[in-house]
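What follows is a short report on a single structure.
Proteins get letters first, then strands, A, B, ... in listed order; numbering begins at 1 in each. Not measured: the values here are computed from a predicted model.
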Number of protein chains: 2
Amino acid sequence: MKRSPAVRSLPPADDHAVRFARQREADRTATAEDYVELIADLLREEGEARAVELARRMGVSQATVTATVGRLQRDGLVETKPYRGLFLTDAGRAMAQAAKARHDLVVRFLIAVGLDAETAEQDAEGLEHHASEKALEAFARFVAKREAGGA
Amino acid sequence: MKRSPAVRSLPPADDHAVRFARQREADRTATAEDYVELIADLLREEGEARAVELARRMGVSQATVTATVGRLQRDGLVETKPYRGLFLTDAGRAMAQAAKARHDLVVRFLIAVGLDAETAEQDAEGLEHHASEKALEAFARFVAKREAGGA
DNA sequence: TCCGAAGTTCAGCCTAGGCTAAGTTATGGC
DNA sequence: GCCATAACTTAGCCTAGGCTGAACTTCGGA
Ligand SMILES: [Mn+2]
Ligand SMILES: [Mn+2]
Ligand SMILES: [Mn+2]
Ligand SMILES: [Mn+2]
């Protein structure tokens, strides 16, 4: 008589479903986060955020930027002054600030864990959208320890 | 001495675009990876992988599973025997194995940096799709060091 | 002043991945 | 062996996020 493998990697079905649902939710907000973060960066470092520059940096067509920015506007994150560039609402600024803090933390964490800076930047762009608050706290603790000369 | 975070200046536009393009690519493969991984788990632990069970565990309707499995079939990852469940092709098995290895590594890594097991499982479900090979190697080194009782 | 180039939008198309509601059909319990 | 039911598919719909190509607007330089 053989016992079933003791390793049970399958959680209860509804717990399992919750994990995937959260992931889908994160995917849905990722584009908005990346756009507002970029817009904030451009406003800060270039003085303006033009749609054409977003298209270049996102690697996407200008038409796609128009459509996406339309959704961000609909969702109260962005305002546009035609031919004068893009601006953030208060909500947009708040999201951008949170996104940037998260992005920078993830980058520092990846570097602390041994990744080169360029790969860290690359990977952070995706990972940042899927780290929970708890994970970010753990990352922050780890980075603090490292940067305090803990090794 | 702790340097204040230098203002991260924007990378060259095309480098920037590459980062986002990679991220979009990862997003596109994430669904396939999760499905084949789940199918492999079900085959191993339950003896069969039924569409209705995938729907339950993915938190999605049966109609959505039918459509998604259709794409996986089109892409040569999955085969179906109607009313007898789902099966993996060689390519599907290979993808599932890689996905599971990655998933488990990310979970162990997250636990090693201080996350509780449940949150680690939750976050791994999303993070696993956005960690580059280099990142996974760094994670593996870190886990090995920890599990060997290193600092 | 005028006009071309750059920036922006519009129209029309596509795929992935969701949904519900309404069929089909195979299997297993009786 | 029947047939209820669970499993599965189909039809029709939707949104996000991509694309191309063709307008349309603004602005700066000649
Ligand atoms: Mn990002
Ligand atoms: Mn980012
Ligand atoms: Mn996953
Ligand atoms: Mn997984």
Side-chain angles (χ1 to χ4, degrees), chain A residues 13 17-39 42-43 46-87 125-126 129, chain B residues 13 17-36 38-39 42 46-87 125-126 129:
Chain A
V18 166
R19 291 184 197 162
F20 287 114
R22 292 231 184 95
Q23 199 196 326
R24 284 193 296 271
E25 176 59 28
D27 277 337
R28 266 198 306 278
T29 59
T31 301
E33 290 173 353
D34 285 338
Y35 269 69
V36 298
E37 189 187 345
L38 219 203
I39 290 169
L42 288 170
L43 286 171
E46 316 268 290
E48 62 174 8
R50 311 296 300 232
V52 66
E53 186 61 18
L54 256 76
R56 264 191 289 273
R57 308 195 86 100
M58 300 292 311
V60 122
S61 75
Q62 290 184 225
T64 292
V65 169
T66 297
T68 303
V69 166
R71 283 187 293 272
L72 299 178
Q73 222 167 347
R74 177 201 64 191
D75 296 342
L77 297 167
V78 162
E79 281 164 3
T80 67
K81 297 184 189 167
Y83 297 90
R84 292 244 111 70
L86 308 174
F87 301 87
E125 204 52 79
H129 308 288
Chain B
V18 165
R19 291 183 197 163
F20 287 113
R22 292 231 184 95
Q23 199 196 326
R24 285 193 295 271
E25 176 60 27
D27 277 338
R28 267 198 304 279
T29 59
T31 302
E33 290 172 354
D34 285 339
Y35 268 69
V36 298
L38 219 202
I39 291 169
L42 288 170
E46 315 269 292
E48 62 175 6
R50 312 295 301 231
V52 65
E53 186 62 18
L54 256 77
R56 263 192 288 272
R57 309 195 86 99
M58 300 292 310
V60 121
S61 74
Q62 289 191 36
T64 292
V65 169
T66 297
T68 303
V69 166
R71 283 187 294 272
L72 298 179
Q73 223 168 344
R74 178 200 65 191
D75 297 342
L77 296 166
V78 162
E79 281 163 2
T80 68
K81 296 184 189 165
Y83 297 89
R84 292 245 109 72
L86 308 174
F87 302 87
E125 203 52 78
H129 308 288

Next on the checklist: Given C:dC19, C:dG7, D:dC19, identify the nucleotide with an atom nearest to the side chain of A:S61.
Outcome noted: D:dC19
Item to check | Length of the CZ-P vector between A:R56 and C:dG7, whole Å | outcome: 6 Å
Checklist entry - Using a cut-off of less than 4.0 Å, is there contact between a side-chain N or O of A:R71 and OP1 or OP2 of D:dG17? => result yes
Next on the checklist: As a quick check of understanding, evaluate side-chain contact (heavy atoms from CB on, under 4.5 Å) for B:V60 and A:R24, giving each step before the final call.
Outcome noted: CA-CA 11 Å; B:V60 121; A:R24 284 193 296 271; 3.9 Å; yes
Checklist entry - Checking side-chain contact (heavy atoms from CB on, under 4.5 Å) for the pair B:V52/B:Q62: CA distance, chi angles, key distance, verdict? => result CA-CA 6 Å; B:V52 65; B:Q62 289 191 36; 3.4 Å; yes
Checklist entry - Between C:dC10, C:dG18, C:dA16, which nucleotide gets closest to the side-chain atoms of A:R24? => result C:dG18
Item to check | Earlier contact from the 5' end, DNA chain C, for A:A49 and B:A67 | outcome: A:A49
Item to check | OP1 or OP2 of D:dA16 under 4.0 Å from side-chain N/O of A:R28 | outcome: no
Checklist entry - Going 5' to 3' along nucleotides 22-30 of chain C, which nucleotides have protein heavy atoms under 4.0 Å from the base (write B), which only from the sugar-phosphate (write S), and which from neither (write -)? => result --BBSS---
Item to check | Point-to-point distance, once rounded to the nearest 0.5 Å, from CD1 of A:I39 to CG of A:L72 | outcome: 6.5 Å
Checklist entry - Counting side-chain heavy atoms from C-beta on, which of C:dG18, D:dC19, C:dG7 comes nearest to B:V60? => result C:dG18
Item to check | Exercise: identify the closest heavy-atom pair between B:V69 and B:T80 | outcome: CG1-CG2, 3.8 Å
Checklist outcome for this item: With the side chain defined as heavy atoms from C-beta on, A:A63 is closest, among C:dA16, D:dT20, D:dG18, to D:dT20
Next on the checklist: Any base atoms under 4.0 Å from B:T68, or only sugar-phosphate, or nothing? Heavy atoms, all strands.
Outcome noted: nothing
Checklist entry - Rounded to whole angstrom units, what separation is found between the CD atom of B:E33 and the P atom of C:dG17? => result 11 Å
Next on the checklist: Just the rounded figure in Å: distance from P of C:dG7 to CD of A:E46.
Outcome noted: 13 Å
Checklist entry - What's the CG-P distance between B:L42 and D:dA7, to the nearest Å? => result 13 Å
Item to check | Nucleotide D:dA16, atom P - distance to CG of A:L72 in whole Å | outcome: 11 Å
Item to check | Straight-line distance of B:L77 CG to B:Y35 OH, nearest 0.5 Å | outcome: 13.0 Å
Item to check | Nearest-angstrom distance from the residue atom CD of B:E48 to P of D:dA6 | outcome: 16 Å
Item to check | salt bridge (charged side-chain N to carboxylate O under 4.0 Å, His left out) between A:R22 and A:E25, intermediate numbers included | outcome: CA-CA 5 Å; A:R22 292 231 184 95; A:E25 176 59 28; over 6 Å; no
Item to check | Spacing of CZ belonging to A:R50 relative to CZ belonging to A:R56, to within rounding of 0.5 Å | outcome: 10.5 Å
Item to check | B:T66 side-chain N/O to D:dC8 phosphate OP1/OP2 under 4.0 Å | outcome: no
Item to check | Phosphate OP1/OP2 of C:dA16 contacted by B:R74 side-chain N/O (<4.0 Å) | outcome: yes
Item to check | Reported CG-to-CE distance for the pair B:D34 and B:M58, which is rounded to 0.5 angstrom | outcome: 5.0 Å
Checklist entry - How long is the line joining CZ of B:F20 and P of D:dA16, in whole Å? => result 20 Å
Item to check | Length of the line joining B:K81:NZ and D:dC8:C1', which is rounded to integer Å | outcome: 17 Å
